[in-house]
2 protein chains.
Amino acid sequence: MNAIETPTGDELLRVLAALGNPHRMRIVAALAGGRNYVSRLAREIGMSRPLLHMHLQRLEAAGLVVGSLELSDSGKAMKFFEVSPFAYALTPQVVAEAARTLSEPEARGGAPVQGREQGQGREQDQDEKERAT
Amino acid sequence: MNAIETPTGDELLRVLAALGNPHRMRIVAALAGGRNYVSRLAREIGMSRPLLHMHLQRLEAAGLVVGSLELSDSGKAMKFFEVSPFAYALTPQVVAEAARTLSEPEARGGAPVQGREQGQGREQDQDEKERAT
DNA sequence: GTCACGTGTCAGATTCTTCTTACACCCCAA
DNA sequence: TTGGGGTGTAAGAAGAATCTGACACGTGAC
């Protein structure tokens, strides 16, 4: 199901913000060449593990990669990551459509729940005379 | 010429970072509905003009909108903006391809030149033992 | 037990982005 | 000259993102 569909505003926003970072682009690129576990990936791309961990969280929250904790043959728990086959089209129309379903800042940054909370319909309507000299 | 092509790493990065912001998504959405000039657009989407100016700069630097200073019939100089017909495909392969041509942080943030500086071929190769306790 | 290698997470410093406020300039109308 | 509406930009505050270093835990090999 990697057909190109219309994402919600928050989803597209998460995807774009996640991919709009050079480190995360490199991470996705590295994982596109095959799955890998965190420590090894950190070594390969020259990044500290805590940092990589954070970036992977962001990518996973955006649905761009998926991680699974597996047991190696030697009994060590290793977290493998791989890219999910995402496919987004980026055009003015798509952006315009997505922008209509953008939620408020609090709802976005607050809790990364995937349950849709209803749009509050709050549009901006004040006529903002900010030039008050 | 809005055919879907392979962007350079820096270009794609600028596009994604530019679009990965709720305000800028709304700006693109508003401009997708027709061209507009800065002050009016600021009033319509409820944003201060200096702030909108900054966001528009970012969008223009990413090539997503184009602005042109025009003279109104009453002689006032007005800066009109409109969306450029961009079209990017966002898939792991595209990201992987783009990531190979990512330049260094200084070159990215430093000067937004569009002249292509040749890829320096610097891959990460050091084996980074960051665990030095 | 100790070491090597895997996992995760937290606190704090640093750096980047965002946003407001204030200023300067131009043109036309009253 | 004053006022309204357009433009642009710069300084500094506020906030968010990034990054490091240190900690805690688990397992297999020596």
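Letters A, B, ... mirror the listed sequences (proteins, then strands); counts begin at 1. Only this structure's heavy atoms are used, side chains among them; waters, hydrogens and symmetry mates stay out.
- For A:Glu70, the side chain to side chain donor-acceptor pair (under 3.5 Å) criterion is met by A:Arg35, A:Ser68, not counting sequence neighbours.
- Other members of the cluster containing B:Tyr37 are B:Met78, B:Phe80, with ILVMFWY side chains joined at under 4.5 Å, either directly or via other members.
- The only member of A:Leu13, A:Leu12, A:Val15 that meets side chain to side chain contact (heavy atoms under 4.5 Å, CB included) when paired with A:Pro7 is A:Leu12.
- Heavy-atom distances under 4.0 Å link DNA chain C to B:Ser74, B:Gly75 of residues 69-81 of chain B, given in residue order.
- Nucleotide D:dT7 holds its P atom 14 Å from the CD atom of B:Glu60, rounded to whole Å.
- Evaluation of the side chain to side chain contact (heavy atoms under 4.5 Å, CB included) rule for B:Thr91 yields A:Ala87, B:Gln93, B:Val94 as partners, not counting sequence neighbours.
- Checking D:dG6, D:dT20, D:dT7 against every side-chain atom of B:Val38, the shortest atom distance belongs to D:dT7.
- The bend of the helix from C:dG1-D:dC30 to C:dA30-D:dT1, defined by the angle between the axes of its first five and last five pairs, stands at 10° to the nearest 10°.
- Residues satisfying the salt bridge (charged side-chain N to carboxylate O under 4.0 Å, His left out) criterion with B:Glu60, sequence neighbours excluded, are absent altogether.
- Shown here are the salt bridge (charged side-chain N to carboxylate O under 4.0 Å, His left out) partners of A:Glu11, two or more places apart in sequence or in another chain: there are none.
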Every protein N/O within reach of nucleotides 12-18 of chain C N/O, cut-off under 3.5 Å:
residue : atom : partner : partner atom : Å
C:dT18  : OP1  : B:Asn21 : ND2          : 3.1
C:dT18  : OP1  : B:Arg24 : NH1          : 3.3
C:dT18  : OP1  : B:Arg24 : NH2          : 2.8
C:dT18  : OP2  : B:Arg58 : NE           : 3.4

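- The phosphate of C:dC23 has neither OP1 nor OP2 within less than 4.0 Å of any side-chain N or O from B:Arg49.
- Residues forming a side chain to side chain contact (heavy atoms under 4.5 Å, CB included) with A:Ser74 (at least two apart in sequence, or on another chain): A:Ser72, A:Lys76.
- If you take CG of A:Leu56 and C1' of D:dC19, they are 15 Å apart, rounded to a whole angstrom.
- Side-chain heavy-atom separations under 4.5 angstrom define the hydrophobic clusters, and A:Leu71 shares its cluster with no other residue.
- Using modelled atom types, no side-chain atom of A:Asn36 and backbone atom of A:Leu31 make a donor-acceptor pair closer than 3.5 Å.
- Residue order along DNA chain D, read from the 5' end via each residue's closest nucleotide, puts B:Tyr37 first among B:Gln57 and B:Tyr37.
- Here A:His53 reaches the OP1 or OP2 of C:dT9: one of its side-chain N or O atoms lies under 4.0 Å away.
- Considering only side-chain N and O atoms, A:Ser39 lies nowhere under 4.0 angstrom from the phosphate OP1 or OP2 of C:dC5.
- Shown here are the side chain to side chain donor-acceptor pair (under 3.5 Å) partners of B:Glu82, two or more places apart in sequence or in another chain: there are none.
- Residues in residues 39-69 of chain A take part in these ring pair (Phe, Tyr, Trp, His ring centres under 6.0 Å) pairs, two or more places apart or across chains: A:His23-A:His55.
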